[in-house]
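Every heavy atom of this structure was used, including side-chain atoms; hydrogens, water molecules and symmetry mates were not. Counting from 1, the numbers follow the sequence of the chain as shown.
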Amino acid sequence: MGIPNDDVVSIDKGKKPGDPWVVTVNCPDKTGLGLDICRTILDFGLFISKGDVSTDGKWCYIVLWVVPHSSTRIVRWENLKERLVSLCPSCSLSFYYAPPAPRKSSPLYLLKFCCLGRKGLLHDVTNVLCELELSIERVKVTTTPDDRVLDLFFITDNLDLLHTKERREETYEQLRSVLGESCISCELQLADSHHDSRRGTSSISPVVAEEIFASEYSKKECYMQALSPDLTQLKKAVVNVDNSLSPSHTLLQIHCIDHKGLLYDIMRTLKDHDVKILYGRISAVTKGNRDIDLFIQEKDGRKIVDTEREYLLCSHLKMEMLHPLRVIIANRGPDTELLVANPVELSGRGRPRVFHDVTLALKQLGICIFSAEIGRYSASDREWEVYRFLLDENCEYQLLTTGARNQIVDRVRRLLMGW
């Protein structure tokens, strides 16, 4: 006998306009549940203003206060609730005697359309897909000599309804509203077995790869990735561990500049290091700073007492706070290329909404995208998701100058970080 969904996940509106919504998850625990919840919150374009986490190893209780990143964004709260419920393990008594069955991956679809090019087109299409809760797995965008754009979006449906006629018609209708009369053709179909590989490799020159995937990023900052003066506050992140306050837990204390997806980055890093959270308090932002206290343990239930392991965990957390996403501009033959990279989770999932935010930044800058693609790259003992954009030279920026490149990188980074 199970527990009703309303008891597993509840979402309550703030008492006053502008107040955060309260998301409560109360369900059996599982490895990576906190990461899955934070990824979903980020995917819906929400900012976590504060939160509490507690678990006894069998049951998990999470409360998050969230607000939309943009006041103009329409949040489908009921869909968010359904997504969060789908993440929770079975609430039946059998949960304690058998592990939950692995969730099947969603089918991969190919969305292909051809239309006349214009500034901001790629972001407008991407925004529609995000609003429809269609996740972009890979992209291949090319521009023909006669200014026609051929876009290939490999997508999955978070609602698992894209096989229905109603869902497909809704998708076509929303796309036509954006493409208008410039649309020449638009097709949506299941991707064949040749394309159903979601880990395509993106070939990058050794020089660029060395810069963007540097393992000691927090200590040696590359010239292409230098922070603007006011962003150097990111370097002041403090991460400490304390084993004196609890006989069975290690206290992890974090003080840093807040950014979009901060809790997601922390959860991902802890999972990568096989560290579990027993209790956590995420304080509200004060003057742009965030304080987070987490009582953690090794996967086997012990405290973290190895000094080398403590140092490695703290240094990796600091690096994720300094550069949660790597952003550079480099030459690709005679062309100018913007590259954005983020670590891939051990589960193979990439960071949500990166493509959306980068295309929005370029649209705001008035820069057209000549071609774009998403691929995977292995470096520094981890897998990365790499977004590559060839920038159109016909814009107000002199793309070959250092000043213009720094301005573009700074704008992209700020939007990705939610500033």
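Under the side chain to side chain contact (heavy atoms under 4.5 Å, CB included) criterion, L399 pairs with T336, L391, E393, C395, Y397, I408, not counting sequence neighbours.
Once rounded to the nearest 0.5 Å, the distance linking OG of S205 with CZ of R332 reads 9.5 Å. Atoms CZ and NZ, from F154 and K112 in turn, are 9.5 Å apart once rounded to the nearest 0.5 Å. Atom CG of L87 sits about 6.0 Å away from atom NZ of K30, to the nearest 0.5 Å. Rounding to the nearest 0.5 angstrom, the gap separating the NZ atom in K276 from the CD atom in Q297 is 5.0 Å. Atom-to-atom distance recorded for L159:CG and R83:CZ is 7.5 Å, nearest 0.5 angstrom. Note that the CG atom of L132 and the CG atom of L161 stand 11.5 Å from one another [nearest 0.5 Å].
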Item checked: Test log, rule side chain to side chain contact (heavy atoms under 4.5 Å, CB included), inputs L179 and V125 -> CA-CA 8 Å; L179 298 175; V125 172; 3.8 Å; yes

Next item on the list: Report the C-alpha distance between L339 and V327 in whole Å, list the side-chain angles of each, state the deciding distance to 0.1 Å, and finish with yes or no for side chain to side chain contact (heavy atoms under 4.5 Å, CB included).
Entry: CA-CA 6 Å; L339 298 97; V327 185; over 6 Å; no

Next item on the list: Test side chain to side chain contact (heavy atoms under 4.5 Å, CB included) on T55 and I277 and set out the steps.
Entry: CA-CA 8 Å; T55 176; I277 300 172; 5.8 Å; no

Item checked: Steps toward side chain to side chain contact (heavy atoms under 4.5 Å, CB included) verdict (F355, L122) -> CA-CA 10 Å; F355 195 79; L122 189 54; 3.7 Å; yes

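In this structure, R351 does not pair ionically with E320, as no charged nitrogen and carboxylate oxygen lie closer than 4.0 Å. Taking the charged nitrogens against the carboxylate oxygens, R176 and E173 have no contact shorter than 4.0 Å, which rules out a salt bridge. We find that K119 and D392 are not joined by a salt bridge, their nearest charged nitrogen and carboxylate oxygen being 4.0 Å or further apart. Using a cut-off of 4.0 Å between Lys/Arg side-chain N and Asp/Glu carboxylate O, D410 and R414 are scored as salt-bridged. We find that D29 and K58 are not joined by a salt bridge, their nearest charged nitrogen and carboxylate oxygen being 4.0 Å or further apart.
A heavy-atom distance below 4.5 Å is found between the side chains of L108 and T156. Considering only heavy atoms from C-beta on, L129 comes within 4.5 Å of L111 through its side chain. For the pair R411 and Q364, the minimum side-chain heavy-atom distance is below 4.5 Å. Between R388 and V386 the shortest side-chain heavy-atom distance falls below 4.5 Å. The side-chain heavy atoms of L46 and L64, taken from C-beta on, include no pair separated by under 4.5 Å. Taking 4.5 Å as the limit, some side-chain heavy atom of K260 sits within range of a side-chain heavy atom of L42. In this structure, the side chains of I266 and L317 come closer than 4.5 Å at one or more pairs of heavy atoms. Inter-residue side-chain proximity for H356 and I136 is flagged as unmet; no heavy-atom pair is nearer than 4.5 Å.
When all heavy atoms of N158 and L134 are compared, the closest pair comes out as ND2-N, 4.5 Å. In plain terms, the two heavy atoms of R148 and L116 that are nearest each other are CG-CD2, 4.1 Å. When every heavy atom of L35 is checked against every heavy atom of K271, the shortest pair comes out as CD2-CD, 3.6 Å. Across all their heavy atoms, R168 and L162 have their closest contact at NE-O, 3.0 Å. When all heavy atoms are compared, the tightest approach of V66 to S49 is N-OG, 4.3 Å. E133 and N79 get closest at one heavy-atom pair: OE2-ND2, 2.6 Å.
The neighbour count for Y61 OH, taken as heavy atoms of other residues, nucleotides or ligands under 6.0 Å away, does not exceed 12. Within a 6.0 Å radius of CZ in R302, other residues, nucleotides and ligands contribute 12 heavy atoms or fewer. In E308, the CD atom is not crowded: 12 or fewer heavy atoms of neighbouring residues, nucleotides or ligands sit closer than 6.0 Å.
Not one N or O on the side chain of R326 forms a donor-acceptor pair closer than 3.5 Å with the backbone of A341. Of the possible polar contacts, none joining the Y264 side chain to the I41 backbone as a donor-acceptor pair under 3.5 Å is found.
In this structure, W384 and F213 have tilted ring planes: the angle between them lies in the 30° to 60° band. Note on ring orientation: taking the six-membered ring where Trp is involved, the planes of H273 and H316 are perpendicular (angle over 60°, cut-offs 30° and 60°). A parallel orientation is assigned to the rings of F113 and F153, their planes being inclined by less than 30° (bins at 30° and 60°).
Counting only N and O atoms by type, the side chains of S106 and D160 include a donor and acceptor under 3.5 Å apart.
A side-chain contact (heavy atoms from CB on, under 4.5 Å) with I282 is found for one member of L262, I292, D293 and no other, namely I292.
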